[in-house]
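Everything below concerns the one structure shown next.
Residue numbers begin at 1 in each chain, while the letters A, B, ... track the order of the sequences. Since the structure is predicted, the reported quantities are computational estimates derived from the model, not experimental observations.
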Amino acid sequence: MATSWQRGVCLLLPIFVSWVNTKSSPLPLVINTWPFTNATEKAWEVMSEGSGKALDAVVAGCGQCQTQQCDGTVGYGGSPDETGETTLDAMIMNGDTFEVGSVGDLRRVKDAIGVARAVMDYTQHTLLAGEAATRFAVDMGFKEESLSTNSSVQMWKGWKSGHCQPNYRKNVSPDPKTHCGPYKPSSNVEERQRASDRVGRDNHDTIGMVVVDINSRVMAGTTTNGMNHKVPGRIGDSPIVGAGAYASSGVGGAAATGDGDIMMRFLPAFHAVTLLGQGLTVTKAAQVAMAPIAKAYPTFSGAVVVADAKGNFGAACHGLQGGFHYSVATPQIGQVKVYVVDCT
Amino acid sequence: MDSARKRHAVVVGTWAFSAEPVKVAARLVSQGCTCEDSVENALNLAEEDEKYGPFQVGRGGPPNQNGELEMDAAIMSGKQMSFGAVTALQGISRASSVARCVMERSKHSMLTAQGAQDFAVQSGFHLDILNTQSGDGASRIQSSEHQAKSESSSQHDTLGIIVLDSHGNIATGVTSSGMKNKARGRIGDSALPGSGLFADNEVGAVCCSGEGDQIMKFCPSFMVLELMRQGMEPETACQTAIRRITKRVKPSPPFELAIIAVNMEGKVGAATTVKEWGDTVTGRSYPGFPFAVWSGIAGEEPQIRSAQPET
């Protein structure tokens, strides 16, 4: 699983799709984290249909990744929590109206981005979580089914038999570095650990997508199954407005991926869009948004993709060996293309 | 950290009802407690006292549409930007203490719903609020008097506390039972970093209160902190954020939003869209957004100041 993205790059052939409008136009634009090119292509297809709406494109693109279980870190059947259950986080944002819908810790429903959209469309709330989010989804017509697969069950069993390593507990007894739970608080509380002992790259991918239409309207979304072996109930950065993604029509959009527990405190997506509003270029905005995270947690790994309303795009990353790969489609590029940016 | 320069401690709380929690934090921080301990204890006072229920805080707060009490709470420390939050937590009144536990005893930032409750119980918290899922009503451990009062309140209050200590550390925390009849599992802005709260020892700390489903779309706490980082005074930064946000939601009337901020020099600022705030318990009403400030003199009572709505 760790290398599926690499295989994706190797196998990547230019994917020609039917392009609308003038071929030299930078808009519409689809950009998403990682070389999840099928998602990019799916979103592009929606934009190519004359009446294609950017919001629908985000849902379709992210939905494609959910169905295909991109890297095992998006959709069902991946990242089992301590109890072996897969739970999903997703959000969607309309940069015209600033409306947001998101779900966290969603259980037994596969289409997390669809449920996020339903939260936006059918409630006055913004974020629903846990069993209650499942109940809402079922009421809205989504199918309730197990998110476990043979692969996720095997992953969980392997983790259990390997003394539950790694896990996300600290300052508890028995020592979480060597033992499974149940855990009780230990009397000492050490200073917060640096991120050095945290997970590798195969454990924190998220698809985050930004779509800009020809009228510079910006929409964004994310969907993920979070961290392998997370503490049950954990919500990461993906469904948090401004952390996982942000969109502001006429300005731009951004989406983040990486070590969500750390990244959510720094609102990199909101930060990047704010900086675009102040006139920074896409690349500079991405870099400046990532800088404070790297400063506080030098060993964290993560990335942000940024697009402005004119169709300029860029990315920045930290701590990813071999750089960060992301996928883009515009009429100018003429195909879905994977770009790489070197990390700081 | 410039340890040679002696700073003075400051405690600020959202809304006039925060005077007592602010007093608790002030006493603790002047006794040398950490700002995280001071924030947590101040929030606990309100969480465990039913009289804060009408302000959508703690065990006396209004139930969700299933008749259950669900809390959101978070703590953020400006030192290393540590953060812990619990959301849609049932059964435990000291939600901010569970949030602190997430910060200190897990590597995650936020736990929610059943997972949050399980984590709390494993960590030694007792279930002290009984929620039943009988469908149409609550049978919570709560006096009917406070229930009635909370029903009369239509405001979106929450308690946010900022504590700056004299060693150059700052922390902030927020606790909320959320709005009455919210959907089960609904998470508001209170416990979200950058929306309900934000802290950074290099700049200061910020807390927001108001209509959570709207607030979180604009990350106002993060926005104010960044404006302060660029050199704005806390007051100006809060006002600027309110103006930017209300400009973006022009078509609809501005939603309820109140912001408090403290910088590392101990300067305090606030701004709001609220024209008037009525204390449903004392019956007293205040123009604008009243907030409580203790400015670092041991033994002195917190003052209530008011921010007037931005036009």
Side-chain angles (χ1 to χ4, degrees), chain A residues 81 87 93 98-100 102 104-105 123-136 167-172 181-186 189 191-193 195 197-198 227 230-237 240-243 246 248 260-262 264-267 270-271 274 292 296-297, chain B residues 64 66 70 76-77 79-83 85-89 101-119 122-124 182-189 192-195 198 200 202 212-219 221-223 226 229 244-245 248-249 251:
Chain A
D81 70 12
T87 61
M93 179 161 193
F98 297 98
E99 283 175 298
V100 175
S102 54
D105 187 32
T123 75
Q124 291 177 27
H125 294 318
T126 300
L127 171 51
L128 294 182
E131 282 292 336
T134 307
R135 210 172 299 179
F136 166 79
N167 62 59
Y168 296 93
R169 308 278 180 160
K170 62 179 188 181
N171 297 317
V172 290
Y183 304 103
K184 297 275 174 220
S186 54
V189 172
E191 281 291 296
R192 189 172 175 97
Q193 288 136 309
D197 57 343
R198 298 182 62 91
M227 296 260 199
K230 58 190 174 187
V231 177
R234 179 260 192 187
I235 291 182
D237 60 330
I240 308 294
V241 187
Y246 202 77
S248 179
D261 294 311
I262 301 287
M264 73 188 276
R265 301 169 202 167
F266 296 87
L267 289 292
F270 178 78
H271 198 176
T274 304
Y297 295 92
Chain B
N64 67 15
N66 290 51
E70 278 188 339
M76 186 161 187
S77 160
K79 193 163 64 180
Q80 256 201 44
M81 325 272 298
S82 301
F83 178 85
V86 284
T87 48
L89 173 71
C101 210
V102 171
M103 175 165 101
E104 292 180 346
R105 299 186 194 278
S106 89
K107 297 175 192 171
H108 296 317
S109 283
M110 181 184 291
L111 295 180
T112 197
Q114 189 62 47
Q117 194 190 73
D118 293 345
F119 178 83
Q122 288 159 15
S123 304
K182 64 182 177 183
R184 195 162 187 245
R186 174 261 191 186
I187 297 174
D189 69 310
L192 305 192
S195 288
F198 209 72
D200 182 346
E202 285 185 5
D213 293 299
Q214 297 298 327
I215 289 176
M216 67 163 88
K217 298 168 184 172
F218 303 98
C219 308
S221 293
F222 183 85
M223 194 190 288
E226 286 304 309
R229 194 189 302 279
R244 281 191 190 173
I245 292 166
R248 284 185 208 171
V249 287

_Stepwise side chain to side chain donor-acceptor pair (under 3.5 Å) check, B/Q80 with A/R265_ = CA-CA 10 Å; B/Q80 256 201 44; A/R265 301 169 202 167; over 6 Å; no
_Note, A/R169 side chain near B/Q122 side chain (heavy atom, < 4.5 Å)_ = yes
*Identify which of B/G188, B/C219, B/A113 forms the greatest number of heavy-atom pairs closer than 4.5 Å to chain A.*
B/C219
*Test log, rule side chain to side chain contact (heavy atoms under 4.5 Å, CB included), inputs A/I235 and B/L111*: CA-CA 6 Å; A/I235 291 182; B/L111 295 180; over 6 Å; no
*So which of A/V172, A/V241, A/D105 has the biggest tally of heavy-atom pairs under 4.5 Å with chain B?*
A/V241
_Which atoms of A/D81 approach chain B - backbone, side chain, both or neither, heavy atom under 4.5 Å_ = neither
_A/D261 backbone acceptor or donor facing B/K107 side chain under 3.5 Å_ = no
_For chain A, which candidate among B/G124, B/G194, B/S123 shows the most heavy-atom pairs at distances under 4.5 Å?_
B/S123
_Structural part of A/F98 lying under 4.5 Å from a heavy atom of chain B_ = both
_Only pairs of heavy atoms separated by less than 4.5 Å count here; which of A/M93, A/K230, A/H271, A/E99 has the most with chain B?_
A/H271
*B/R184 vs A/L128 side-chain heavy atoms within contact, under 4.5 Å*: no
*Side chains of B/K217 and A/T126: does their closest heavy-atom pair fall under 4.5 Å?*
yes
_Residue A/S102 versus chain B: region with a heavy atom under 4.5 Å_ = neither
*A/H125 side chain to B/A183 backbone, donor-acceptor under 3.5 Å*: yes
*What's the spacing between A/T123 OG1 and B/D213 CG if we round to 0.5 Å?*
7.0 Å
_Please classify the contact between A/Y246 and chain B as side chain, backbone, both or neither, with a heavy-atom cut-off of under 4.5 Å._
side chain
_chain B contact via A/I240 - side chain, backbone, both or neither, heavy atoms under 4.5 Å_ = side chain
_Euclidean distance, A/T274 OG1 relative to B/E226 CD, rounded to 0.5 Å_ = 8.0 Å
*Could you check which of A/S248, A/P232, A/G104, A/P185 has the highest count of heavy-atom pairs closer than 4.5 Å to chain B?*
A/P185
*asked:* Report which part of A/P182 has an atom under 4.5 Å of a heavy atom belonging to chain B: side chain, backbone, both, or neither.
replied: neither
*Begin from the C-alpha positions of B/F198 and A/L267 and carry the test side chain to side chain contact (heavy atoms under 4.5 Å, CB included) through to its verdict.*
CA-CA 10 Å; B/F198 209 72; A/L267 289 292; 3.9 Å; yes
*In Å and rounded to the nearest 0.5 Å, what is the CE to NE2 distance from A/M264 to B/H108?*
11.0 Å
*Rounded distance (nearest 0.5 Å) linking atom OG of B/S106 with atom OH of A/Y168*: 11.0 Å
*Specify which of B/M110, B/R244, B/R105, B/Q117 makes the most heavy-atom pairs with chain A at under 4.5 Å.*
B/R105
*If you look at every heavy atom in A/N171 and B/E104, which pair is closest and at what distance?*
ND2-O, 2.5 Å
*Considering only heavy atoms, which portion of B/S77 lies under 4.5 Å from any heavy atom of chain A: side chain, backbone, both, or neither?*
neither
_Proximity breakdown for B/L192 and chain A, heavy-atom pairs closer than 4.5 Å_ = side chain
*Measure B/A88 against the heavy atoms of chain A and call it side chain, backbone, both or neither at under 4.5 Å.*
neither
